[in-house]
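When a residue number appears, it is its place in the shown sequence, counting from 1. None of these values were measured; they are calculated from a predicted model.
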Amino acid sequence: MRAPGLPALADWGAGLSIAGLLLPEAVAYSGIAGLPPQAGVIALFAGLLAYGLLGTSRFAIVSATSSSAAVLLAATASMAGTSPQQRMLLGVGIVLLTGLFFVVAGLARLGAVSNFIAKPVLRGFALGLALTIVVKQIPHAVAFQPVHGDLPRFVWELLAGWRHWNGAGLAMAVAALLLMRALARWRGLPAALLVIAAGIALDAGGWCARWGIAAVGPIRLDFSNPGIPSLSRAEWLRLGELAFAMALILYAESYGSIRSFALRHGDRVDANRDLMALGAANLLSGVFHGMPVGAGYSATSANEVAGAQSRAAGLVACAVVGLAVWLLLPWIERTPQPLLAAIVIHAVGHTLNPAALRPYFAWRRDRLIVVLSFFAVLALGVLDGLLLAIAASLLMLLQTLSRSHVSWLGRLGDTHDFVDAARHPDAVVPAGLLIARPEAPLFFGNADPVFAAIRERLQSLPSPRGVVLSLEDSADLDATSVEALCDFAAQLRQLGVPLALARVKDPVRDLLARVGNPALPHASYAGWSVDDAVRQLQIPA
């Protein structure tokens, strides 16, 4: 793989190709966020430059994304009411804090943080978000803006006002969508750029003015006044909460794209370094008053299809976009609004597919959570739906971890294997011996119920001669689990019942050595397997 500073011929071709896709999308996504068009262009420069220099994926294209733009709009609207200037300042604050969270997470080596959002939650959220974005783009095409922001009333008001729609704008948007869909079979062709060029030609010819179709308007790029917005302490604290949610969902989306393409091509990526790169990109974008950025799937996929060989393709795209803005900015400002709406709808179209939820119903797993995530976005809005989806992910994790189910093991035939006796009736349980295996890692949420279940089972034995506790699912123990284990060992010691631990991981061994509880001497966890622990207790099998 070539270094980013030495573009291969394929990288030049890929950079030229994706530049035609990225520039129209950057301007379009600014509208989703309720920001002036230059915010998306600045974010595009920041993302391509920072990730091209610091990232690890050769395919990832970091720029403004539809999801982060929608979340940013909902977040700023929830704090600033209708003041565009204040919303702009708050948006910049969110972008800066998002970048700061990424940097801190990278330094703390929290590359797996996105795993705390379950895939079913992301699927439901993405589908609901895509539907919301598509519906919210229709007013830009028909030149009729409903007053209410919540989706049900928004849709009702939009449909009720159909007599006031601009039919020419709607026809232009539909024609653009059909054209981009038809051109999609040639993946290297910049369909969005061709649509924009056609729209600019119509505007230049005076047709848009006759049809009552508005253009994008002025794009004022100014890199001479970077800075941090002046906000109150209370506003920064509130923005911190919103930025944390933004960072979590943005990284889940970004690293999902990065990891998918790395696995497909056998590439190695560094999650913590990518966190730092995303942090630098968002900090750079925020300083110059741009939008939040991440590695979107559609742009990354387009880069792969265009034949990128290294991160230099993103740097080439950055240079091409810069040249286009420098030479063609007055023409870009004449882009008709319905075309931007069509570009957004086309960009999110790949996520507007209910078939993505079908496996969860076929598997009969997480159906409720995926439906909840979908309807949460529609009913509560993007921001509250996002927060509810994240909360649902954490609740799913806690529900899984807090299960107090314990399996009771027996020896399988003449082997050294011990299996769940309830699922394997032919497994033999040694007389007087209780072999317990918690089916979830021990932590503060399930430690007491697990040991309570073992005590209850122990009481059912007429003359217990020993207890084996298999800790194979516990890579480490928190303080609550250690205390519960020590109390359990002490109670067994009082009863004169020996205890042996099996499948104890090295971190747990080190921890128990530091604890130094007399009821848990080193000999009690000297063995490694369940078979070792049984032999240690000298119980004939």
Side-chain angles (χ1 to χ4, degrees), residues 17-37 40-41 44 63-67 69-70 73 129-146 154-155 158-159 162 164-187 189-205 207-217 219 291 296-299 301-302 324 328 331-353:
S17 176
I18 62 173
L21 166 72
L22 296 175
L23 183 55
E25 285 191 355
V27 176
Y29 290 161
S30 301
I32 297 178
L35 297 175
V41 179
L44 179 58
S63 60
T65 67
S66 58
S67 59
L73 174 64
L129 180 63
L131 182 59
T132 301
I133 290 174
V134 168
V135 171
K136 292 294 181 74
Q137 289 305 303
I138 296 176
H140 297 293
V142 300
F144 177 79
Q145 184 64 45
F154 184 94
V155 171
L158 180 64
L159 294 176
W162 66 272
H164 304 286
W165 289 7
N166 185 325
L170 179 61
M172 177 181 286
V174 171
L177 277 171
L178 294 175
L179 179 60
M180 285 187 288
R181 187 171 182 83
L183 296 176
R185 66 187 67 181
W186 296 285
R187 298 294 296 273
L189 198 65
L193 191 61
L194 295 177
V195 166
I196 291 293
I200 292 173
L202 289 174
D203 186 76
W207 293 97
C208 290
R210 298 177 195 173
W211 297 334
I213 297 175
V216 170
I219 302 176
M291 294 170 57
Y297 187 86
S298 59
S301 176
L328 304 174
W331 291 99
I332 297 173
E333 293 174 347
R334 305 185 71 165
T335 304
Q337 287 282 5
L339 295 188
L340 291 182
I343 289 171
V344 170
I345 294 172
H346 184 262
V348 302
H350 70 280
T351 57
L352 194 61
N353 184 7

Handout entry: Whether over 12 other heavy atoms sit under 6.0 Å from W207 CH2
Key = no
Exercise for the section: State the NE2-CG distance between H140 and L339, to the nearest 0.5 angstrom. Expected result: 13.5 Å
Exercise for the section: Starting at CZ of F154, measure out to CG of L159 and round the result to the nearest 0.5 Å. Expected result: 10.0 Å
Problem - Heavy-atom side-chain contact between V155 and V135 under 4.5 Å - result: yes
Handout entry: Approximate separation, where rounding is to 0.5 Å, of I32 CD1 and M291 CE
Key = 7.5 Å
Handout entry: Minimal non-hydrogen separation, A215 against D203, with atom names
Key = CB-OD1, 4.3 Å
Problem - Close side-chain approach of S30 and P36, heavy atoms under 4.5 Å - result: no
Handout entry: Least distance between heavy atoms, A342 atom then L177 atom
Key = O-CD2, 3.4 Å
Exercise for the section: Give the minimum heavy-atom separation between A173 and P338, together with the two atoms involved. Expected result: CB-O, 3.7 Å
Handout entry: Donor-acceptor pair, side chain of E333 and main chain of I219, under 3.5 angstrom
Key = yes
Exercise for the section: Output, in order, the C-alpha distance, side-chain angles, deciding distance and verdict of side chain to side chain contact (heavy atoms under 4.5 Å, CB included) for V27 and T335. Expected result: CA-CA 10 Å; V27 176; T335 304; over 6 Å; no
Handout entry: Expected output: side-chain N166 to main-chain G212 donor-acceptor under 3.5 Å
Key = yes
Exercise for the section: Could you give me the CA-CA distance, side-chain angles and deciding distance for M180 and I343, then say whether side chain to side chain contact (heavy atoms under 4.5 Å, CB included) is met? Expected result: CA-CA 8 Å; M180 285 187 288; I343 289 171; 4.1 Å; yes
Completion exercise
Rounded to the nearest 0.5 Å, the CD atom of Q137 sits from the OG1 atom of T132 at a distance of 11.5 Å
Exercise for the section: Verify side chain to side chain contact (heavy atoms under 4.5 Å, CB included) between V134 and V348, making sure each step is shown before the conclusion. Expected result: CA-CA 8 Å; V134 168; V348 302; 3.7 Å; yes
Problem - Minimum-distance pair of heavy atoms, taken over all atoms of C208 and M172 - result: SG-CE, 4.1 Å
Completion exercise
Here the pair of heavy atoms bringing A347 nearest to E25 is CB-OE2, 3.5 Å
Practice task
Might you work through the side chain to side chain contact (heavy atoms under 4.5 Å, CB included) test for Y29 and L35, ending with a clear yes or no?
Solution key: CA-CA 9 Å; Y29 290 161; L35 297 175; over 6 Å; no
Problem - Polar side-chain atom of S63 near backbone of L44 as donor-acceptor pair, under 3.5 Å - result: no
Handout entry: Side chain W331, main chain A197, donor-acceptor under 3.5 Å
Key = no
Handout entry: Pairwise distance CD(Q145) to NE2(H164) - rounded to 0.5 angstrom
Key = 14.0 Å
Fill in the blank from the handout: CD1 of I345 to CG of L340, rounded to nearest 0.5 Å, is 11.0 Å
Handout entry: Minimum heavy-atom distance A302-L21, with the two atoms named
Key = CB-CD2, 3.8 Å
